[in-house]
Structures are given as C-alpha cells and as structure tokens.
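One structure is given here, and the rest of the page talks about it.
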Amino acid sequence: MLELNDVKKTYRGASGPVTAMNGVTLKLNAGQFVAVQGPSGCGKSTLLLTAGGLMHPDGGNIRIGDVDPYSLPPDKRATFRGERIGFVFQQFHLVPYLSVLDNILAAALATGTSTKDSVRTRANQLVDQFGLSHRVHHVPNSLSSGERQRTALARALLNEPSHLLADEPTGNLDRENADIVLDAMSDFASAGGTVLLVTHDELAASRAGTVLNMRDGQIA
Ligand SMILES: Nc1ncnc2c1ncn2[C@@H]1O[C@H](COP(=O)(O)OP(=O)(O)O)[C@@H](O)[C@H]1O
Ligand SMILES: [Mg+2]
C-alpha cells in the first residue's frame, strides 16, 4: 500500500517560490497499477520523488505499508527504500563505469546483500528475462536506450520490492521497448506489487488499471 495525504511541496526557485504539489491525496493498494498523467511542469516528478521517500514534502504525509519514510533517519530510510521500492527513470540513471550485471547488482548494495548467491542468481535471471545476456559485461554507453532501460528495470526489481515507481520510463524508448517496460510493470502489479507510473504519455498511462489526471500540483 502507498498513501499520500494532503502532500505539499514548494520549491524556492530563482524567481520566487514554485508550488509543485498543492495538497495531493491518493491511495494505492497492493496489486494496483496507477498512472498519474499530466502536462510537463504539473508536478509529476515531485509527486514521485516525495512518494518514494527521496524528497521530504513541506506538508502532509506519506505511508509506504505502515511506515512514514520521513520518520526514519536518513540511513534507515535509504535501506528501507532499497528493500521496498524499485525506481525507474526516463534518463535510466545507470552507473556509467559499471557493467550491466554490476549495475543490476548495485541495487543490493543498499540492502547489504550484493555478495549473496541468491541475489547473484536473481540478477542473472533478470538478465535473461530482459534479453540482456549478450550485453552482461557491457557498460551503459555501449547499449541501446531499450537495453539501458531494461537494465534499469532489472535493477529496480532485484530486491523484490513491494512498490515500483516510474517517472516517464518510456520517454526515451521505441514502442517495442516501451511495451516491454509497461508489460513488466503490469506483471509486477498482477503479482501483488504496487505500481505508480507518472507520465505525460497517454499511451503509457492507458496501460494502467487506474489513470489519474494531474494539473497544477493537484490530482483533478
Ligand atoms: N528543484 C527545483 N527548483 C525550482 N523549481 C522546480 C524544481 N523542480 C521542479 N520545479 C518546478 O516545479 C514544478 C513541477 O515540476 P515537476 O515535478 O518536475 O513537474 P513534471 O514532472 O510534471 O514536469 C515546475 O514548475 C518546475 O519548474
Ligand atoms: Mg517530470
């Protein structure tokens, strides 16, 4: 379960304050795939970052399961995120000097499990599942966009999180790779996970079970 209650966030911009979230309330249950769709600048990335325990909101609160991630000290919050949440971003955020396999295994650094045999086995299963076997020792620079995002998706799933949060994950992908990513997100929800996708792409949003519209920092 993922819950946001009246969440607010205002940035201090160069030319004055910018309110990115103006009282967002939403609840996602286990097994739900929810897309939040809206135009550029409406607050989608801010919503995702606050929901995922990556950015402290100014008001309201967040519950992931029964935990408010912002009540945890930073080190415990990082471990909690590593165990419970998989993130996927438009720009992949892979480590440029690590191979595909080591990028996937990097997720296990946060949970202290990167040397476990079971984790290495799972990483290799994900490599196979996402068609990356022929790229396993390559660095991100030598991969296609689709391969980069499939690597990021494998990394997000490595720790068997309960929540998958994705910010425009298909923004740099061709249709075939976009479908691979969206199918994986659907499968994750079907298996009981919670998925929050934020996107301006109507086609991507249409794959979710529930589509919410965001405008000017609020869910319409
Ligand atoms: N770090 C920041 N500093 C100042 N303003 C920001 C910052 N990040 C985002 N904003 C502003 O907050 C609003 C919402 O941004 P964002 O959440 O990135 O929207 P979206 O992801 O829907 O494009 C926009 O007006 C954006 O310019
Ligand atoms: Mg954004």
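Atoms within each ligand, like the ligands themselves, are counted from 1 in listed order.
When the options V88, I180, L164, L196 are evaluated for a side-chain contact (heavy atoms from CB on, under 4.5 Å) with M185, the one that passes is L164. With R207 as the fixed residue, the salt bridge (charged side-chain N to carboxylate O under 4.0 Å, His left out) test singles out one of D187, D179, D201: D179. Considering V119, L109, L158 in turn, L109 is the only one that fulfils the side-chain contact (heavy atoms from CB on, under 4.5 Å) rule with S114.
Using modelled atom types, no side-chain atom of N103 and backbone atom of A152 make a donor-acceptor pair closer than 3.5 Å. S144 contributes a side-chain N or O that, together with a main-chain N or O of E147, makes up a donor-acceptor pair within less than 3.5 Å. In terms of modelled atom types and a separation under 3.5 Å, the side chain of S71 and the main chain of V67 share no donor-acceptor contact. Put simply, the side chain of E83 never gets that close to the backbone of F80: no donor and acceptor are under 3.5 Å apart. In this structure, the side chain of Q149 does not engage the main chain of T170 through any donor-acceptor pair within 3.5 Å.
Within the protein, the number of N, O or S atoms lying under 2.8 Å from the Mg ion (ligand 2) is 1.
Between the side chains of Y11 and T46, at least one donor-acceptor pair of N or O atoms lies under 3.5 Å.
For ligand 1, the 4.0 Å heavy-atom shell contains residues Y11, V18, A20, P39, S40, G41, C42, G43, K44, S45, T46.
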